[in-house]
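Atoms considered below: every heavy atom in the structure, side chains included; atoms not considered: hydrogens, waters and symmetry mates. In listed order, ligands and their atoms are each counted from 1.
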Amino acid sequence: MTTNDWGSIYKEMGAKPVVNATGSVTLLGGSTPVAEVKAAMDAADSAYIPLIELEQVAGDRIAEMLGVPAAYITSGAGSALTLATAAFMAGTDDAKIEQLPDTTGMPNEILIQKRQRYWYDRCLELAGAKLVEYGDENGTTEDDLRNAITDRTAAVHQVMYEQNPVDPNVLTLEQVIAITHAAGKPVSVDAAGQIYPLENFGKYVKMGADFQCIAAKYMGAPHSTGFALGTKEVIDAISRHSFVGYETRRIRGVGRPHKIDRQEIMGVVAAVQRWMTLNHEDRLSTAEGQSQAILKPLQGIPGITAELNTNIMGHQPFGVFITVDPDVVGFTVDDLVDKLRDGDPSIWTRVQDGRLVIHVFGLGEGQAELVGNAIAKIVKG
Ligand SMILES: *Cc1c(COP(=O)(O)O)cnc(C)c1O
């Protein structure tokens, strides 16, 4: 630890701070705003401003930086997903905006490939929509989608994880866009972490999707922020369903609880600006260096293999994969997670597909070495 007061504000209240070797996860507080973002948020304190105007100019600025038609800042990517479904169901009709989450008389089904069901798809239902699966656990055909689209369809949703190996058994976004648009329906994309390489940032809207979300938690903005990118039509509708629409237009939409403050709006603009002009080579090489620092004390220890995660796409580059041979070390990889969590300081990690998957996103200065040494000590016994 480089500072004496690591986590002291939490300790003073009797709460235990942890070392975050999991990465950008909401259960640990997700992200730490970068200096440029904090400066913008501080500067925003000095004056009040009508949020309907601020949302407009901030959205315009982000849209211009990314080269997409329109953008809207929300309280997280999850909020953008909910507001987008509201927009797909009720559009800009004020009576319908006020009727949600009762969807009587509106198209209210969001189609999703069975194999693409995921943790955040619940956000697609919160404005009153229903998720309807198409395809099955083995895969999806183009006819599955053609047959699934009906008058009740509000939108077809696709999730993009370009850092993962492509699932050959799902329809591609190109296929989904072509078939869905031919049927006159809009396409929604969750691209929360698709911010690097920069050509992927906003890419799906450029490919023809009507909407995509981005999680600003992944780019040094406040953890509670995100934004929608999309066509002018969809973004205009999202703004009408938002908390700003509720307060300014006096139209009581479902977006009212999805509130953000003017400081956060300016923080997101600063985060996007920084991201578009950042030296990403430096960012990547720092993450690789931290990953190597974790690996160093783990070489040549019997019973574990530790290797570099070489992915640089998306929001969390590099990291470390660790496998444990219980016959040699006497405990499983899940036991290792528990032992790290129970240590002092408490180190949080997680297991995916039988491996410990470490990300350096949430590690402070000196913490990479600490994590590597803690693992080495536990495994050596
Ligand atoms: C984090 C995440 C979300 C939710 O974003 P919030 O900004 O936390 O609401 C949605 N989808 C994916 C793929 C994510 O990684």
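At least one donor-acceptor pair closer than 3.5 Å links the side chain of Glu125 to the backbone N or O of Leu131. For Gln116 (side chain) and Val159 (main-chain N/O), a donor-acceptor pair under 3.5 Å exists by modelled atom type.
No side-chain N or O of Glu264 forms a donor-acceptor pair with one of Thr225 less than 3.5 Å apart.
Counting heavy atoms from C-beta on, the side chains of Phe227 and Ile238 never come closer than 4.5 Å. Side-chain contact between Met207 and Glu174 is present, with at least one heavy-atom pair separated by less than 4.5 Å.
For Thr82, there are no side-chain hydrogen bond (donor to acceptor under 3.5 Å, both in side chains) partners at least two apart in sequence or on another chain.
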Do any nitrogen or oxygen atoms of ligand 1 lie under 3.5 Å from a protein nitrogen or oxygen, and which ones?
residue  : atom   : partner : partner atom : Å
ligand 1 : 5 (O)  : Lys217  : NZ           : 3.3
ligand 1 : 7 (O)  : Ala77   : N            : 2.7
ligand 1 : 8 (O)  : Lys217  : NZ           : 2.9
ligand 1 : 9 (O)  : Ala77   : N            : 3.3
ligand 1 : 9 (O)  : Gly78   : N            : 2.8
ligand 1 : 11 (N) : Asp190  : OD1          : 3.3
ligand 1 : 11 (N) : Asp190  : OD2          : 2.7
ligand 1 : 15 (O) : Tyr218  : OH           : 2.6

